[in-house]
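In this chain, numbering begins with 1 at the start of the sequence shown.
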Amino acid sequence: MNENVFERLPQAQRITSRTNPLVSSLAKLEQAKYRREQQLFLAEGRKLSEEAAGREEVRYVLLRSDDGFVESSLLDIAAAVPDPRSVIVLPGSTFEKISTENAPQGIITVLAPFSSMHCTWNEKSAVCMKGIRVLAVDSVQDPGNLGTIIRTASAFGYTHILLGSCADIYHPKTVRASMGALFRMRIHTCPDLAKALTELKSTGHRIISAALAENVMTLGENTLAADDCIVIGNEGHGISDAVLAVSDAVMKIPMAAGTESLNAGTAAAVLMWEYYRSFR
């Protein structure tokens with residue numbers, strides 16, 4: 001069923017022009033430079049907008065409509081926004097200027113970064129993770145892979161992720177692939193991942209890097225610890241030498257002969273599942 005936006009949310013705005021300053025500004029959020037400048041990012045589609053609904057970080061909810069009528073379920077999501085004036089109705093061609101999707105679902109939520117949950121590593125960060133299972137990601141550059149890893153980590157009970165030189169967590173593909181897990185996860189950006197892992201070790205964590213090397217542990221054949229920190233490496237180059245140097249052990253995933261490696265997201269899922277299975 002469709003409802004009239006302006007009957008239910010009379011303070012909602014209508015913008016029709018593709019050259020409107022706000023439309024032009026939001027259309028630039030596909031680029032990292034403008035996400036940093038504006039301190040905004042896009043969460044597109046029904047699922048992500050439901051996850052974001054009502055959060056204090058929401059700045060706008062954009063609805064696609066040429067006649068002012070919108071699917072009731074999408075309007076329910078928009079109605080959760082703290083300030084109804086931030087609901088903006090756009091005709092199809094204007095909405096598509098902002099959207100980064102090939103098949104837009106008719107709703108986009110614009111949010112500020114989650115500064116209370118997503119932060120830069122500092123000298124106090126390691127202390128708050130004592131006894132907690134942690135995932136570290138070293139130089140994963142594909143935003144889709146990174147989003148998948150974040151989503152998988154959430155599914156397997158992780159609450160903290162360390163990122164060293166990775167893709168932007170607010171890239172549209174990262175946000176999309178995370179399927180809302182990004183909004184629930186504590187993410188620590190580490191300018192020096194090896195240093196952060198060294199500090200994490202001082203709180204009792206064992207650092208286990210997923211890599212192929214001599215004298216490695218084999219997943220399923222070695223003893224795991226509940227608070228091990230797994231490290232997942234770059235899609236092509238693996239884990240950096242600096243991170244390997246501070247690792248307590250290297251672990252490989254047993255695979256069929258002739259297979260060299262797994263996609264970073266797949267490797268992360270296999271490792272995290274084994275820990276989840278062992279310690280849930």
Testing the 3.5 Å rule here: is there a donor-acceptor pair between the side chains of Thr120 and Asn122? no
Donor-acceptor contact below 3.5 Å, side chain Ser72 vs main chain Met1: yes
Would you call the rings of Tyr276 and Trp273 parallel, tilted or perpendicular, where under 30° means parallel and over 60° means perpendicular? tilted
Do Glu199 and Ser125 have side-chain atoms, one donor and one acceptor, less than 3.5 Å apart? no
Does Pro143 offer a backbone N or O that forms a donor-acceptor pair with the side chain of Thr174 under 3.5 Å? yes
Would you call the rings of His188 and Trp121 parallel, tilted or perpendicular if under 30° counts as parallel and over 60° as perpendicular? perpendicular
Please confirm whether the backbone N or O of Asn263 pairs with a side-chain atom of Glu235, one donor and one acceptor, at under 3.5 Å? no
Could you list who else is in Tyr34's hydrophobic cluster, with ILVMFWY side chains joined at under 4.5 Å, directly or through other members? none
Those residues at least two apart in sequence (or on a different chain) that pass side chain to side chain donor-acceptor pair (under 3.5 Å) with Ser202 are none
Return the set of residues passing ring pair (Phe, Tyr, Trp, His ring centres under 6.0 Å) with Phe41 (not counting sequence neighbours), or none when no residue passes. Tyr170
Residues Asp76, Arg8: salt bridge by 4.0 Å N-O rule: yes
Same cluster for Leu48 and Tyr60 if Ile/Leu/Val/Met/Phe/Trp/Tyr side chains link at under 4.5 Å? no
With sequence neighbours left out, which residue pairs that include part of residues 236-246 fulfil the side-chain hydrogen bond (donor to acceptor under 3.5 Å, both in side chains) condition? Asp138-Ser240
Side-chain contact, heavy-atom cut-off 4.5 Å: Met251 with Leu224? yes
Residue pairs meeting side-chain hydrogen bond (donor to acceptor under 3.5 Å, both in side chains), one or both in residues 45-54, sequence neighbours left out, come to Arg46-Glu71, Arg46-Ser73, Lys47-Glu51, Ser49-Thr109, Glu51-Arg184
Side chains of Arg186 and Thr159: closer than 4.5 Å at any heavy-atom pair? no
Pair Arg176, Thr100: side-chain N/O donor-acceptor within cut-off below 3.5 Å: yes
Phe69: which residues meet the ring pair (Phe, Tyr, Trp, His ring centres under 6.0 Å) condition with it, sequence neighbours left out? none
